[in-house]
Amino acid sequence: MLNDLKKIWHPIASSAEVQKRHVFHAQLLGREYAVWRADDGNVNVWENRCLHRGVRLTIGINEGTELRCQYHGWRYANRTAGCTYIPAHPADAPARTICNNTYPVKEAMGMVWSGEEAFAEPVHFKNFEKYTVLRPIPINGNFNIIREMLSAKYRLLGHTTRDEVNGVLKVILKNGEVILFFVQPQDSNLSVLRGVVNQKYSDSERVLFLRAQNRILQSLRNDIEVLSKKRQIDPMIVQIAQVSSELSKMPQKKDIGRQAVLRVQVAEKKKTAKDIVSIKLVSLRDQLPTFQPGAHIDLHLQNGLIRQYSLVNGPGETNFYNIGVKLDALSTGGSEYLHKDIREGDVLACSVPRNNFPLRRDSLKTIFVAGGIGLTPLLSMAQSLDVMNLNYEFHYFVQNEDHIAFSSILKKLKKTPLVHQGLSPKLTKKKLNEILLYHNNSMNLYVCGPGPMLETTRQVAAELDWPDNSVHFEYFKNSNVIDDSSSFKIELARSALSLKVQSGQSVLEVLRANGLDLPSSCEQGACGTCKVSVVDGAIDHQDVYLNESEKLKGNVMMTCVSRALSKRLILDI
Amino acid sequence: MEISCKDPVILNQWHPVSSLDVLTMDTVENTILLESKISFQLNSKEEVTAWLSLDDEKTLLPTRISYGFIWVSLGNPPKDLFLFPEFSESDRQNVATGVFGVNVSAGRTVENFLDMGHFPYVHSGILGEEPHTEVKEYDVEISEERDEVLATSCKFYQPQAAVNSNEGMDVDYIYRVPHINCALLYKTSPVDDARLDVIIIFVQPMGEEWVRAHTGMCLIDDESTAEQIRQFQQTIFGQDKPILENQYPKQLPLDSRIETPIRADKSAIAYRRWLSQKGLQYGVIPSAI
């Protein structure tokens, strides 16, 4: 019986109970739920327990786009319930798979509906286009007893009652109006009686009607509670929902290979600046996976090319991915294709978002330096700092006004972006010297832009003694010419394999050929996805992802382009 | 006389039931330990006796007085209690800072005491402050020789770390869990940076999901009054209590499939593993294997 009840939709809250910025505590069949509405109107129904240490999410904070746990400040995104930030480890991107348990949700007839294993659509009741929701009545009683006594009560008053599917009771009032009653089984001896009438009244009529029903239901409640005291039933046993086995221990699982697991549709394509289009992608089927600020996706184009684009999305914008594409004069087919051939409605394949450019949120001040289309990841980051009220400066270098992209998002930032237009390389360097002159230990710098500008920024930061680990950068591409002439041996410490890398082959290719599926994305040493730890051997770094001190340390390498200087490398895989 | 708790691991422990400073000589006190009602009495010679309250024969239970507290066992306790040498150092002020009833398991209470990541959120402005939220790498070991969990080289940013300072700084912590329900925290003394203040929590399990947490401090500071020290601890614990009481499940999950640990939880992971190795069943959700 309990299993049948789990499969049907139950009302668990009135729409009016799920107020803006509130987290509503609901219960169904013994399980507790945290129900919260995001500022975009979406209602979330999650298990009432942060997966980290079990603290109820109903004592958490609804920030409008994300729900924040009260205990350790973990942030969970609207819709996906995916964790977007773990403050205890500000330099790490949380595993995309850390996700609270979510349940199906619908909003209809002024109520929020859910069910532990509810499927298909909730039952649709005809002639309820106009409706008024009755005051919910919590009752210390079993739902079966309530149903019986509810029907008897209305019949006694001369109305007609009829049993509908899924235990719904239909009451046809003497004046022809219809009330549907739903008993929400919170637990064996605890229920909420919810009703809705197919009529919308004027204010004064509404008060009279609700009062009249309230009187009936209050007296019913008294009768039920007297009876229920004598007929207590054992409480329901709730199985604690498990976390996946890879989440129950650290380190986290990684995505495998260069796969395009998502099918997305171009919902909107519009010009946002000279030679730059903004493209919004929506999912064809399921909910899009969680992203974090700084994340990128691999877009697999119909012409066979794979390109990386950073997400511009702000926190909680989880029903689309927004990217910006700059038409590259030297396009080899990627940006040109997206600019000229792609139309709204087209379907593309893309990877899940990966974040190799994570944003620390423990800085007293963050400096963003964006050049041209390098704006995109930094814009996502600035929006995240905004919801946390953290301090930052946003510098945007462009050729001229026509090149300012995503101005509607820029205008909404809490700190007005400082736009630097038409500066020559020399003046750009001078400006960067001004921007980076003052710094202290609790500041971080994030840079993204064309190669030469990025080089200059890193150089200026180094000259001004910014510590390497406070300077975070992301290249669009690796413009170094890759020298793959060497040949060497690799030994895999954990897999006990010894392999030979010939000239012309990459470490990544050799690993894949031998059945080791490593995640990768750009495959040119810019994105950091294929990073592995190196136990021993001298690395021939050819990527632009690692900074100088990371390269000197020599304990990680990008397997897509970097090679060995020594005869062999021992990799920690 | 029947004792409802059947877990030998918890029955054979010493359990704290009261600090000495709140007791009146020769007065019978009543409390609950592992769901059994017990009574105890301290006489003028500083000797303590304890018995099951409903036992007509008043068979005496094992008792001891250590570190300012009365300890009772319902089983066969070990001869010695864990070591806490700082308690007897002559220049220290030992203050019992109060007992707090909490509707949660003992394990959850101890684990919260070991946790640094919540400082900026739960003890905001006192033990931590946003955006200084990082839990830096620290070391944890389960010492077989001393049979305790030890976390060292812990650091956390604390606003106003010293009385005379307006600036925040990283404070060093050492955590010891020498008893399944007792933990000690060592923290640089604001008065003498070569020595460590000790903060203790000794948890009395009244039931599987219901405890009394006995707290105390052992300080080098001779300026603060006992009243001020108590006030501080009352504030801190008052902030922890609503979080602890909103944890679900209330019992500590030793089954790894229930929650998601991160690197910052190393000490909690070690604590849970240590409890699993001891075979503890009471107040925990045992490991599935």
Side-chain angles (χ1 to χ4, degrees), chain A residues 25 31-32 34 47-61 68-74 83 85-92 94-95 97-100 238-252 360-366 385 388-391 442 444, chain B residues 104-105 107-108 111-112 114-124 128-138 156-157 167-170 239-266 268-269 272-273 285 287-289:
Chain A
H25 181 128
R31 192 181 297 282
E32 285 185 19
E47 191 188 17
N48 191 14
R49 165 172 86 97
C50 173
L51 282 193
H52 176 219
R53 282 296 175 257
V55 167
R56 283 197 175 92
L57 292 171
T58 41
I59 67 165
I61 298 164
R68 197 183 91 185
C69 177
Q70 198 71 265
Y71 198 6
H72 296 95
W74 287 27
C83 180
Y85 189 57
I86 296 175
H89 298 307
D92 301 359
T97 41
I98 295 183
C99 196
N100 274 314
V238 180
Q239 289 288 331
I240 296 168
Q242 290 200 324
V243 299
S244 62
S245 63
E246 82 264 10
L247 278 189
S248 64
K249 45 188 181 282
M250 285 277 146
Q252 56 217 233
R360 295 187 70 112
R361 304 184 215 182
D362 61 343
S363 314
L364 288 184
K365 187 171 188 180
T366 304
L385 294 187
M388 295 171 72
N389 284 317
L390 291 172
N391 192 19
S442 50
N444 276 281
Chain B
V104 75
S105 58
R108 291 277 199 197
E111 199 172 276
N112 176 66
L114 303 180
D115 183 274
M116 290 183 284
H118 74 288
F119 289 171
Y121 296 96
V122 180
H123 308 297
S124 186
E129 191 171 60
E130 281 187 279
H132 310 281
T133 55
E134 183 166 22
V135 177
K136 297 175 188 75
E137 292 293 331
Y138 59 91
F156 204 83
Y157 177 93
E167 276 198 6
M169 56 178 254
D170 273 355
Q239 292 170 334
D240 283 321
K241 183 175 150 94
I243 297 287
L244 287 168
E245 294 188 334
N246 275 294
Q247 276 184 295
Y248 175 86
K250 284 183 182 295
Q251 302 195 19
L252 186 71
L254 302 185
D255 180 346
S256 65
R257 292 290 298 274
I258 294 177
E259 291 176 354
T260 311
I262 54 170
R263 291 197 312 283
D265 300 320
K266 257 159 83 173
I269 295 168
R272 291 185 186 193
R273 198 184 316 130
I285 298 170
S287 171
I289 316 143

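Below, all heavy atoms of this structure are taken into account, side chains as well, without hydrogens, waters or symmetry copies. Each chain gets a letter, A, B and so on, in the order its sequence line appears, and its residues count up from 1.
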Contact winner vs chain B - A/D92, A/V238, A/L390, heavy-atom pairs under 4.5 Å: A/D92
Sequence-distant partners of B/H132, ring pair (Phe, Tyr, Trp, His ring centres under 6.0 Å), two or more places apart: B/Y157
Can you list every salt bridge (Lys or Arg N to Asp or Glu O under 4.0 Å) pair that touches residues 240-256 of chain B, not counting sequence neighbours? B/K241-B/E245
Where do B/R263 and A/I86 land on the side-chain contact (heavy atoms from CB on, under 4.5 Å) test, with the steps shown first? CA-CA 11 Å; B/R263 291 197 312 283; A/I86 296 175; over 6 Å; no
Minimum heavy-atom separation for A/P87 and B/T133, please, with both atom names. O-OG1, 2.8 Å
Rounded to the nearest 0.5 Å, what separation is found between the CD atom of B/Q247 and the CZ atom of A/R56? 10.0 Å
Structural part of B/I285 lying under 4.5 Å from a heavy atom of chain A: side chain
Salt-bridge present (A/R53, B/D115; N to O < 4.0 Å): no
Do we see a donor-acceptor contact under 3.5 Å between the side chains of A/Y71 and B/N246? no
Separation of B/T260 OG1 from A/I98 CD1 (nearest 0.5 Å): 6.0 Å
Tell me, side chain or backbone of A/T58 under 4.5 Å from chain B's heavy atoms, or both, or neither? neither
Give me the atom names and distance for the closest heavy-atom approach of B/A264 to A/A88. CB-CB, 4.0 Å
Working to the nearest 0.5 angstrom, can you tell me the gap between B/E259 CD and A/H52 NE2? 8.0 Å
Are the side chains of A/I240 and B/P249 in touch, meaning some heavy atoms are under 4.5 Å apart? yes
A/P90 versus B/E134: any side-chain heavy-atom pair under 4.5 Å? yes
Let me confirm one number: the CD-NE2 distance from B/E137 to A/H89, rounded to the nearest 0.5 Å. 7.0 Å
Inter-residue atom distance A/W74.CH2 - B/I262.CD1, 0.5 Å rounding: 5.0 Å
Find the one option among A/R361, A/R49, A/R360 whose heavy-atom pairs under 4.5 Å with chain B are most numerous. A/R49
